[in-house]
Amino acid sequence: MKNLFFTFKSLSKGLLWCILFLLLVFIVSPKKAVAGEEKWPGVDSAVVEKYAKKFGVEPREPFINTDQGDLLLFIFTLAGATGGFVMGYNFRKIFKEKQSGSVSRT
Amino acid sequence: MKKCSLFKLILWFSVSLAVLSSKEVFAMHLSEGILPAKDAIGAGILALPFVIIGLKKIGKSKKENPLYFSMVGLLGAAVFVISAFPIPVPIAGTCSHPAGTGLSAIILGPFPSVVVAAVALLIQALFMAHGGLTTLGANILTMGICGSFCGYFTYKFAKKVGFSPFVSGFFAGVVADITTYAATAFVLAFSLSNDFVTAFLEIGLAFVPTQIPLSILEGVITGFAVRYVFQNRPELLSHGRNMEVQI
C-alpha cells in the first residue's frame, strides 16, 4: 500500500512536470513571436554575428558542415536521443538503484 | 518503484528528443572563424590548464567513489543537452540557450565541470554546426570556466549566508548564465574592437533582453535539481566524496 502511494506520488509529480513543460512550450509558442522578417533568430545571428559583422569579421562555414537539408535535424535527433538515454541511465544508477539497495554508499 | 524509474527514464528521453529535434536550429556559441587567430589560440592556451586539472580531478574522484563517473556521465549529458537547447524568449523575439555549467559545477566541482563543458562544446562544434573548432578555446573560457566557477562560488556563498539549497542553486544558475554571456561579450569586445569599453557595453546590453529571462529559467531548473539531489543524495553536493547532510 505504501509502495503504491509512493508510485502514485511520483507519477503525479512526473505528470505535473509534463504539464509545466507543455505550459512553457505553449507560452513561448511561435504564434506569439514578434512579427519580423526572421522569426526567433538565435542570439548568434541577433547579437554575436551582428556585432562581428559590424567590426568587419564574417563567420566561417563549420569544418564539418552538417547544416545541409535534414542532416542537421538527424544529428540533433540522434544527439538528443543519446543524451536523454545517458541521462536516464545514470540518473537511475545514482538515485534509484541506491534506494533499492543495490549500490552501496561510499 | 521500477515503474517510476522507467517513467522518469522515458520522460528524460522524450523531453531531450523533443527539445533537440526541432527543425530550426540556432547556434549560440561563438561561431567558427569569428575570432582572430591570435585570440583564438590565446583563449585555447588559457583554457587548457583548467581542462587538464579537471581531468586529473575526475580521475582522482573516480578512484575515491565509483559512482562519480556516473555523475560525470549524467551531468555531461545534461550540459550537452542544455547547451544545445534553443529556448524562445517572447520578450526579445529571439532564441538562446542556458549553460548548465552552474549545476554541473555544484555537483562535480568547478574543474570537472570545465571538462564536461569542453567535451559538450567539442561534440557540438564537430557535428552540430554549433560553435566552432577555432573558437573552442574561447567557448570553453566563457561557458566552461566562467559559468562553472562563478556558479560554483555563488552557490558556496549563498549556502554560507544561510540560503536553502533551492535558493542557493537558483542564484548559482542565474549567475552562471549571466557570466557566460558577459564573458562572451568580453571576448568579442576584446578581440574585435579597439574601443573595448563601448563595445563590451554594447554587446553585453544586446544580450540582456534574451538572457535575463533565460537566466531566471536556468536558476529555477538549477534550484530544483540541487534541491532534488539534496533531498535524495546530499553527499553528492560535496562532489561525491564527503557526506554532507544538512536541514
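Atoms considered below: every heavy atom in the structure, side chains included; atoms not considered: hydrogens, waters and symmetry mates.
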TODO: Mind listing the closest non-hydrogen atom pair of B/Val81 and A/Gly83 along with its distance?
DONE: CG2-CA, 4.0 Å
TODO: Mind checking the NZ-CG spacing from A/Lys96 to B/Asn232? Nearest 0.5 Å is all I need.
DONE: 6.5 Å
TODO: Taking atom CZ of A/Phe55 as the centre, report whether more than 12 heavy atoms of other residues, nucleotides or ligands fall under 6.0 Å from it.
DONE: yes
Open item on the list: Between B/Tyr181 and A/Val48, is the side-chain contact (heavy atoms from CB on, under 4.5 Å) condition met? List the steps.
Closed with: CA-CA 10 Å; B/Tyr181 283 88; A/Val48 178; over 6 Å; no
- [ ] Starting at SG of B/Cys95, measure out to CH2 of A/Trp40 and round the result to the nearest 0.5 Å.
- [x] 6.5 Å
- [ ] Select one option (side chain, backbone, both, neither) describing which atoms of A/Ile75 are under 4.5 Å from chain B's heavy atoms.
- [x] side chain
Open item on the list: Can you tell me which portion of B/Glu202 sits under 4.5 Å from chain A's heavy atoms? Options are side chain, backbone, both or neither.
Closed with: both
Open item on the list: Tell me if the CZ atom of A/Phe74 is crowded by more than 12 foreign heavy atoms within 6.0 Å.
Closed with: no
TODO: Return yes when atom CG of B/Asn194 has more than 12 non-hydrogen atoms of other residues, nucleotides or ligands closer than 6.0 Å, and no otherwise.
DONE: no
TODO: Kindly write out the residues that satisfy side-chain hydrogen bond (donor to acceptor under 3.5 Å, both in side chains) with B/Thr134, not counting sequence neighbours, or none if the list is empty.
DONE: B/Glu32
Open item on the list: For a side-chain contact (heavy atoms from CB on, under 4.5 Å) check, start with the C-alpha distance between A/Val86 and B/Leu74, then their side-chain angles and the critical distance, and finish with the verdict.
Closed with: CA-CA 6 Å; A/Val86 173; B/Leu74 172 62; over 6 Å; no
TODO: Mind checking the CD1-CD spacing from B/Ile34 to A/Glu58? Nearest 0.5 Å is all I need.
DONE: 9.0 Å
TODO: Drop me the distance from B/Met71's CE to A/Lys93's NZ, to the nearest 0.5 angstrom.
DONE: 12.5 Å
- [ ] Tell me, out of A/Val47, A/Leu71, A/Asn65, who's got the most heavy-atom pairs with chain B below 4.5 Å.
- [x] A/Val47
Task: CZ (B/Phe190) with more than 12 external heavy atoms under 6.0 Å - done: no
Open item on the list: How long is the straight-line distance from CZ of B/Phe69 back to CG of A/Asn90, given to the nearest 0.5 Å?
Closed with: 9.5 Å
TODO: Give, as side chain, backbone, both or neither, the part of A/Ala52 having an atom under 4.5 angstrom from any heavy atom of chain B.
DONE: both
Open item on the list: I need the minimum non-hydrogen distance between B/Gly33 and A/Val57, along with the two atoms involved.
Closed with: O-CG1, 3.8 Å
TODO: Go through the structure and list residues passing ring-ring contact (aromatic ring centres under 6.0 Å, His included) with B/Phe127, not counting sequence neighbours.
DONE: none
- [ ] Search all heavy atoms of A/Ala46 against all heavy atoms of B/Thr94 and return the closest pair with its distance.
- [x] CB-CG2, 3.9 Å
Open item on the list: Report which part of A/Lys50 has an atom under 4.5 Å of a heavy atom belonging to chain B: side chain, backbone, both, or neither.
Closed with: neither
Open item on the list: Under 4.5 Å from any heavy atom of chain A, what part of B/Val72 do you find: side chain, backbone, both or neither?
Closed with: neither
Open item on the list: Looking only at the aromatic ring of each residue, does the gap between the centers of B/Phe207 and A/Tyr51 stay below 6.0 angstrom?
Closed with: no
TODO: Can you measure from OG (B/Ser31) to CD (A/Glu61) and round to the nearest 0.5 angstrom?
DONE: 12.5 Å
Open item on the list: Counting only non-hydrogen atoms closer than 4.5 Å, does B/Leu188 touch chain A with its backbone (N, CA, C, O), its side chain (CB onward), both, or neither?
Closed with: side chain
